[in-house]
Amino acid sequence: MNPIQNLSPIDGRYAPITRELEPYFSEWAFFKYRLWIELEYFINLSDFLKLKNFIVTPDLAGKIRKIHDAFTPEEALKIREIEKTTNHDVKALEYYIREKIETLGLGEYKEWIHFGLTSQDVNNVAIPLMLKQSVENVVGPKLNEIIHTLKNQAEEWKSIPMLARTHGQPASPTGLGKEWMVFVERLEKQLILLKQIPYSAKLGGATGNFNAHMAAFPHLNWPAFADQLLNTLGLQRSQFTTQIDHYDMLAAHLDAWKRICVILLDFCRDVWMYISLDYFKQKIKSGEVGSSAMPHKVNPIDFENAEGNLGIAIALCEHLSAKLPVSRLQRDLSDSTALRNLGVPFAHI
């Protein structure tokens, strides 16, 4: 589809801006992350079981990992084709991996693919990894750029006096640089809090008890295996779960980002007011038209658009953080469709 045909503006009008998030939150990305987890589980399982008829050497492990490295959107479409039959995306992924393993001459090992796992063991590891790496590589650095810019402006403007306004009325004087530092401090403190929240994942079988694993190999320490595997991926394992993760840590991340969005929205509104009060003048760009009827105007559209997008992000973060930790008994599927929208608030951010 041409971007102009997409229903969502983040994939349409704003696609050039939000495209950086495609490797983390698109459906192709979701398949790729789950493929990564399945392959790492398969490789580590061989090392853990130490069976004579299931040996993945370092050389074979390298070849297996190349399946993930070579995973393109076109490969993801192959899984979608399989899904038309299975009507289950993770099962379709499993069949895809089996085919790939056979092409490496490892057909005798294919039954170990997805051994003992339920689909949420894969999904609930993929989701925090997607969020973690998108924050580390895209969203976090952009927030740091904003903080760095504000801090530099605060230093540049620290000697500039400004008439403060309380309740919209003229009040005691303040400094422009100091008012900028209010937002710097708020954002920096939220980042400190955000970094303290672990990225947690679930890996424990159909109802969180390693039932199938223990039935097959009762003498092995499966919780220790799962802990070690997730630690290598940079995640903490939720020790006691149902079929799905409880999402409490994911909710904490979303709440932290909601607070960051609220601070940025507050900043946008303040700057909008400073512009309206003539404390700031916006630069005129050649060729740009501020209004269809009044071309001499320069409207503060970037701050207005930011306010609108941040409002959407706040609402979605709030909904997801309240919804995801609630699941009927050991499992219902309402989290699945909600989680597919995890990238949407970050696109708006």
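- Under the 4.5 Å side-chain criterion, counting only non-hydrogen atoms from C-beta, F183 is not in contact with V271.
- Look at K142 and E20 and you find a salt bridge, because one of the NZ, NE, NH1 or NH2 atoms lies within 4.0 Å of a carboxylate O, short of that distance.
- Two residues are said to be in side-chain contact when any heavy atoms from C-beta on lie closer than 4.5 Å; L310 and C268 meet this criterion.
- Side-chain contact between L129 and L235 is present, with heavy atoms from C-beta onward closer than 4.5 Å.
- Annotation: side chain to side chain contact (heavy atoms under 4.5 Å, CB included) contacts of A252 (sequence neighbours excluded): I197.
- In this structure, N53 places its CG atom where more than 12 heavy-atom neighbours from other residues, nucleotides or ligands lie under 6.0 Å away.
- With sequence neighbours excluded, the residues satisfying side chain to side chain donor-acceptor pair (under 3.5 Å) with S334 are K323, D332.
- Ring orientation note: the planes of W222 and F115 are tilted relative to one another, at an angle of 30° to 60°.
- Environment of CZ in R340: crowded, with over 12 heavy atoms of neighbouring residues, nucleotides or ligands closer than 6.0 Å.
- One N or O on the side chain of D121 and one on the backbone of G204 form a donor-acceptor pair closer than 3.5 Å.
- Q133 is not listed as a side-chain neighbour of P23, based on a closest heavy-atom distance of 4.5 Å or more.
- With sequence neighbours excluded, the residues that form a side chain to side chain contact (heavy atoms under 4.5 Å, CB included) with P9 are Y14.
- Using a 4.5 Å heavy-atom threshold, the side chains of I260 and L264 count as touching.
- T18 places a side-chain N or O within 3.5 Å of a backbone atom of I10 that can act as its donor or acceptor partner.
- More than 12 heavy atoms of other residues, nucleotides or ligands sit less than 6.0 Å from atom CD of E102.
- Under the 6.0 Å distance and 45° angle rule, R98 does not count as a cation-pi partner of Y95.
- Of the charged side-chain nitrogens involved, at least one lies within less than 4.0 Å of a carboxylate oxygen, so that K281 and D278 count as a salt-bridged pair.
- No donor-acceptor pair closer than 3.5 Å links the side chain of E40 to the backbone N or O of E38.
- Distance check: L320 CG to L254 CG gives 6.0 Å after rounding to the nearest 0.5 Å.
- Ring geometry for Y109 against F54 counts as perpendicular: the plane angle is over 60°, on a 0 to 90° scale with 30° as the lower cut.
- Under the 3.5 Å distance criterion, the side-chain polar atoms of E99 are left unmatched by any main-chain donor or acceptor of Y96.
- Not a single donor-acceptor pair under 3.5 Å links the side chain of S200 to the backbone N or O of M249.
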Requested in this report: Test side-chain hydrogen bond (donor to acceptor under 3.5 Å, both in side chains) on T174 and E179 and set out the steps.
Outcome: CA-CA 8 Å; T174 186; E179 296 303 318; 2.6 Å; yes
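- Tracing side-chain contacts under 4.5 Å through hydrophobic residues (I, L, V, M, F, W, Y), one never reaches L316 starting from I17; they form parts of separate clusters.
- Salt-bridge formation is not detected for the pair E81/K78: no Lys NZ or Arg NE/NH1/NH2 atom is positioned less than 4.0 Å from an Asp or Glu carboxylate oxygen.
- Checking side-chain atoms of Y24 against main-chain N and O of F30 turns up no donor-acceptor pair under 3.5 Å.
- In this structure the side chain of N309 never reaches within 4.5 angstrom of the side chain of I349, judged on heavy atoms.
- No salt bridge links D89 with R80; every basic N to acidic carboxylate O contact stays at or beyond 4.0 Å.
- Between the S134 side chain and the L131 main chain, a donor and an acceptor come within less than 3.5 Å of each other.
- The distance from the OG1 atom of T57 to the CD1 atom of I43 is 10.0 Å, given to the nearest 0.5 Å.
- Using a 4.5 Å cut-off on side-chain heavy atoms (C-beta onward), N152 and W157 make no contact.
- Using a distance-only test at 3.5 Å, with no hydrogens or angles considered, no donor-acceptor pair links the side chain of K195 to the main chain of P198.
- Salt-bridge check for E75 with K100: passed, with a basic side-chain N closer than 4.0 Å to an acidic carboxylate O.
- No hydrogens or angles considered: nothing links the side chains of T118 and Q120 as a donor-acceptor pair under 3.5 Å.
- In the hydrophobic clustering (ILVMFWY side chains linked at under 4.5 Å, chained through shared members), M273 is joined by W272.
- A donor-acceptor pair under 3.5 Å links the side-chain atoms of K50 to the main chain of D47, judged by distance alone.
- Note that the CG atom of L150 and the CD atom of E145 stand 11.5 Å from one another [nearest 0.5 Å].
- Classified by interplanar angle (parallel below 30°, tilted 30° to 60°, perpendicular above 60°), the ring pair Y41/H213 is perpendicular.
- In this structure K63 satisfies the side chain to side chain contact (heavy atoms under 4.5 Å, CB included) test together with D59, L104, sequence neighbours excluded.
- Remark: aromatic rings of F280 and W180 are close, center separation under 6.0 Å.
- When side chains are defined from C-beta on, V90 counts as touching H114, because their heavy atoms get closer than 4.5 Å.
- Side-chain N or O atoms of Q282 include one that pairs as donor or acceptor with a backbone N or O of V298 at under 3.5 Å.
- Listed here is the closest heavy atom pair of Y247 and L324: CD1-O, 3.0 Å.
- Applying the side chain to side chain contact (heavy atoms under 4.5 Å, CB included) criterion to N341, with sequence neighbours excluded, gives V344.
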